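Below is one structure; the comments refer to it alone.
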Number of protein chains: 4
Amino acid sequence: MAPESLRSDARRNRALVLEAARSAFEERGLAVPLGEIARRAGVGPGTVYRHFPSKDALFRATVVDRIRLFTYTARELAEASDPGAVFFRYLAAVVRLSARNKALQDALEASAEGRFRPSAEVEEDFRAALHTLLTRAQKSGDVRKDVDTEDVMALLFGCLSMERRRGAGAPAGRMTALMCDSLRVRRRGNVTKLPVGSVSRNETGCVVCGAAVGGARTGRPARYCGGACRQRAHRERVRARG
Amino acid sequence: MAPESLRSDARRNRALVLEAARSAFEERGLAVPLGEIARRAGVGPGTVYRHFPSKDALFRATVVDRIRLFTYTARELAEASDPGAVFFRYLAAVVRLSARNKALQDALEASAEGRFRPSAEVEEDFRAALHTLLTRAQKSGDVRKDVDTEDVMALLFGCLSMERRRGAGAPAGRMTALMCDSLRVRRRGNVTKLPVGSVSRNETGCVVCGAAVGGARTGRPARYCGGACRQRAHRERVRARG
Amino acid sequence: MAPESLRSDARRNRALVLEAARSAFEERGLAVPLGEIARRAGVGPGTVYRHFPSKDALFRATVVDRIRLFTYTARELAEASDPGAVFFRYLAAVVRLSARNKALQDALEASAEGRFRPSAEVEEDFRAALHTLLTRAQKSGDVRKDVDTEDVMALLFGCLSMERRRGAGAPAGRMTALMCDSLRVRRRGNVTKLPVGSVSRNETGCVVCGAAVGGARTGRPARYCGGACRQRAHRERVRARG
Amino acid sequence: MAPESLRSDARRNRALVLEAARSAFEERGLAVPLGEIARRAGVGPGTVYRHFPSKDALFRATVVDRIRLFTYTARELAEASDPGAVFFRYLAAVVRLSARNKALQDALEASAEGRFRPSAEVEEDFRAALHTLLTRAQKSGDVRKDVDTEDVMALLFGCLSMERRRGAGAPAGRMTALMCDSLRVRRRGNVTKLPVGSVSRNETGCVVCGAAVGGARTGRPARYCGGACRQRAHRERVRARG
DNA sequence: TATGAATGAGTATTCATTCAT
DNA sequence: TATGAATGAATACTCATTCAT
């Protein structure tokens with residue numbers, strides 16, 4: 001079953017199935033019929049079963065792939081300077097990338113109920129990578145010291161639910177910004193300013209920390225949630241130049 | 001359909017069905033087969049349908065009942081002094097009472113996807129009651145002013161997810177306490193002290209604000225999360241005495 | 001169970017049920033739920049069962065009532081002069097009165113399949129009365145001699161089906177008039193003139209033989225399908241006067 | 001869904017299902033459970049659903065198949081000489097082939113109530129083919145001119161009901177012969193002679209017009225209902241020889 | 001006695017999985 | 001090997017009939 005041992009057409013089909021499953025699961029969650037996935041992949045259900053022993057296994061595979069992606073990103077960021085900003089930016093990014101992903105929600109839900117375990121190894125890898133980011137941010141004094149990796153994972157989970165709930169009614173990232181605040185070490189002025197009312201500008205949030213940026217409805221859209229992030233971005237640019 | 005107008009046997013069975021449905025839905029969510037509910041209630045499926053026109057209606061009834069309970073509580077608390085503590089305590093209580101309740105989660109999930117609306121009226125009542133609590137807590141300077149009722153509802157939703165996730169691994173209320181911090185106005189020392197490691201003592205949290213109380217493993221269990229709440233409780237006692 | 005042995009309220013309820021059943025069965029046929037009948041009668045289903053041992057029995061009772069009515073009418077007409085006109089008029093009337101009656105159709109249908117026998121006695125009475133009318137009409141030379149009572153009963157059945165089918169698209173009685181022609185002894189001009197196109201005037205047909213009357217769209221609507229029937233009606237009036 | 005594009009096993013099963021459905025529906029009408037059909041076909045219910053999206057669709061398919069058969073026959077006959085005989089023979093054949101067919105009755109019944117439409121196209125084709133036969137028979141002076149295609153369709157419907165009713169008690173086609181008489185132009189001697197009493201010989205009727213043939217209980221069974229048809233058959237033979 | 005609540009068998013339909021082609 | 005057809009268990013809902021109130 002290892003990909004490299006397959007004939008080229010089998011390898012291609014495996015990829016097609018995986019990609020179709022990913023998109024189908026992301027849109028409709030575990031409830032999507034397996035036949036729908038096969039149709040999207042342009043293969044028969046039998047072919048799906050040739051590559052994955054059960055629907056659950058296929059689901060696991062797609063979720064695992066996604067989590068692995070997050071793990072890789074976290075590892076890359078582990079070396080970055082400014083651990084605090086990196087940490088918050090990372091959380092925001094994960095939530096943003098997962099908010100529309102019903103597969104992840106279902107996986108987390110099922111995992112919480114013990115019905116499903118994506119992959120002990122993959123989960124552990126993610127946890128480890130997240131742990132590194134968290135620890136650095138705590139050491140740099142940006143994140144309170146009484147939270148642990150499990151807390152952050154739970155917060156991520158909660159943010160997904162919340163972003164789903166607020167949905168179209170609020171700018172993306174608003175709830176995430178709120179949760180991030182609960183992790184920050186209390187310092188003068190380090191609270192995200194939440195926009196009041198419904199805002200549609202700058203929906204991707206602060207380019208540094210991912211927090212929602214409140215701002216005037218006119219003029220050039222703000223790129224940073226505040227002076228702190230602008231300064232950080234500046235320092236990064238300086239260093240990059242050499 | 002009003003309970004008081006029913007024959008005694010019907011009233012009894014209606015209650016049995018409702019109770020069976022509540023427990024079944026709370027444990028397994030909407031996915032529980034209707035036949036299972038009938039079996040738990042000790043009646044035939046036809047009896048369930050006599051009292052509720054569809055599975056959805058039955059589900060709605062159980063959820064609505066629960067939400068109404070929350071609304072009543074919120075209304076009672078609306079008159080209490082110390083709006084900040086009351087507000088946080090209330091959030092903690094709602095989460096605590098809903099954390100094991102898969103029915104509520106499914107309802108919120110379905111509601112978020114527009115598949116299901118428990119009852120526009122009941123939902124609005126709850127929102128209004130929550131709004132009152134929130135507004136008072138904001139006026140008293142305990143809650144930041146840039147969050148609105150929808151934010152708090154989303155936060156509740158997220159806390160449910162998080163508490164489910166952390167499950168047995170962490171003291172109940174830990175995630176909720178964290179979330180509450182994100183709502184607090186930043187003042188010196190008003191951050192909840194989260195316990196480090198897994199704790200099982202005092203699982204109901206601070207009797208004033210519901211936040212998790214960290215404490216020594218020995219000695220008399222702490223009733224308050226900190227000095228602020230102890231002082232508040234004291235003032236309450238003094239006032240009550242006259 | 002005999003009506004005269006019941007208490008007055010029971011007798012009243014029996015009548016209510018029977019009447020409700022009649023209307024319900026006539027509108028919707030055997031498929032109507034028994035609960036619907038009970039509701040129409042303003043009683044509980046238990047009461048229906050008190051008076052009739054099964055849904056089938058109730059159905060039978062309503063159908064039998066209707067057939068008995070037809071039998072009585074046939075007996076009264078058995079003495080009338082002009083047996084030919086009376087015979088055809090009777091057939092038309094029976095069809096007209098039964099065309100909207102889904103109960104009768106279902107009964108005949110079920111009877112044809114041997115699933116249901118309304119009541120041997122009642123059916124036999126009807127057959128006998130019809131036989132008398134038929135025989136007289138054959139003796140008077142108006143009806144061909146090679147048809148028997150069973151044929152006529154089948155024709156009645158067929159006419160019901162046909163009238164149902166043509167439904168709103170054609171004047172009531174058109175198909176019946178056509179079928180009656182097949183029974184007539186062939187004589188010069190004794191064929192019904194069928195209206196061409198869709199007609200809505202004079203929908204009850206010739207007052208003597210029930211055949212469709214074709215006619216001008218304006219002016220006084222014709223009462224007779226032709227001269228023969230007009231003359232017959234005249235003779236009747238003369239005799240009635242004495 | 002086109003049979004020729006299916007795999008051999010699917011094609012075989014589709015045919016089995018269709019055949020099982022046809023026989024089941026013909027015997028018991030729409031009321032037959034789908035599971036019964038699956039059992040008769042020797043397949044699972046899922047297989048039935050693979051080929052037909054719903055019970056109704058399957059029903060429609062069987063009925064449509066049958067009607068199409070009638071349409072094809074009518075088209076073939078449209079070129080035949082002797083339009084009158086052909087017309088009557090055709091009616092008799094349709095009734096004979098449908099008399100035991102509860103599916104058709106249910107379809108017509110449901111269609112009359114607007115609950116069901118087999119297929120607008122198929123129905124229209126049949127109507128058109130029948131129209132051709134009727135018009136030719138009217139032009140040749142064999143059928144009265146004041147009936148239209150709808151009348152004939154209704155008559156067909158009625159004959160089905162009647163033949164069902166007379167059932168085993170009478171020779172097949174007796175009621176149909178009667179109906180045909182109602183359509184004939186009145187000419188000296190063109191009335192079918194109905195057999196008196198119950199007859200079982202020659203149940204397929206006159207080979208020319210399909211009308212019942214009455215005859216002696218002994219001797220060579222009559223092939224024609226009378227001299228007129230015998231003569232027609234003779235002329236046909238002469239012409240065929242050239 | 002009347003009521004109407006309880007019963008539970010019956011049915012259309014879906015879909016994960018297996019297996020013939 | 002890929003296909004997609006077959007399988008059959010599972011489930012919401014209806015309604016004739018029985019029986020407690």
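This is a predicted model, so every value here is computed, not measured. Chain A is the first sequence line, chain B the second, and so forth, proteins listed ahead of strands; every chain is numbered from 1.
- For the pair D/Ile67/D/Glu123, no side-chain contact is recorded, criterion being any heavy-atom separation below 4.5 Å from C-beta on.
- In this structure, NE2 of C/His51 is placed 12 Å from C1' of E/dT3, rounded to the nearest angstrom.
- Between C/Arg11 atom CZ and E/dA2 atom P there is a gap of 12 Å when expressed in whole angstrom units.
- One finds a salt bridge joining B/Arg40 and B/Glu27 here, because a Lys/Arg side-chain nitrogen approaches an Asp/Glu carboxylate oxygen to under 4.0 Å.
- Atom pair D/Phe52:CZ and E/dT13:C1' shows a separation of 16 Å (rounding to whole Å applied).
- Two residues are said to be in side-chain contact when any heavy atoms from C-beta on lie closer than 4.5 Å; C/Phe25 and C/Leu58 meet this criterion.
- Counting heavy atoms from C-beta on, the side chains of B/Arg39 and B/Pro45 never come closer than 4.5 Å.
- When the nucleotides F/dG4, F/dA2, E/dA2 are ranked by their closest atom to the side chain of D/Arg50, F/dG4 comes out on top.
- A straight line from CZ of A/Arg39 to P of F/dA5 spans 12 Å, rounded to a whole angstrom.
- Between the P atom of F/dA12 and the CZ atom of B/Phe59 lies a distance of 13 Å, rounded to the nearest Å.
- Between D/Arg14 and D/Glu19 no salt bridge is recorded (no basic side-chain N to carboxylate O distance below 4.0 Å).
- The pair A/Glu109-B/Lys102 counts as a salt bridge, with a side-chain nitrogen and a carboxylate oxygen less than 4.0 angstrom apart.
- At whole-Å resolution of the value, CZ in C/Arg14 and P in E/dT1 are 15 Å apart.
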**Q.** Footprint string (nucleotides 14-21 of chain E, 5' to 3'): B base within contact, S backbone only, - free, heavy atoms under 4.0 Å
**A.** BBSBB-BS
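- Looking at C/Asp106, its side chain does come within 3.5 Å of a backbone N or O of C/Leu30 through a donor-acceptor pair.
- For F/dT1, the OP1/OP2 oxygens have no side-chain nitrogen or oxygen of A/Asn13 closer than 4.0 Å.
- Under the 4.5 Å side-chain criterion, counting only non-hydrogen atoms from C-beta, A/Asn13 is in contact with A/Leu16.
- One can place CG of B/Leu16 at 15 Å from P of E/dA5, the figure rounded to the nearest angstrom.
- Residues meeting the salt bridge (Lys or Arg N to Asp or Glu O under 4.0 Å) test with B/Arg66, sequence neighbours left out: B/Glu26.
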**Q.** Bracket string, DNA chain E, 5' to 3' - pairs by Watson-Crick or G-U geometry under 3.5 Å, | interstrand
**A.** .||||||||||||||||||||
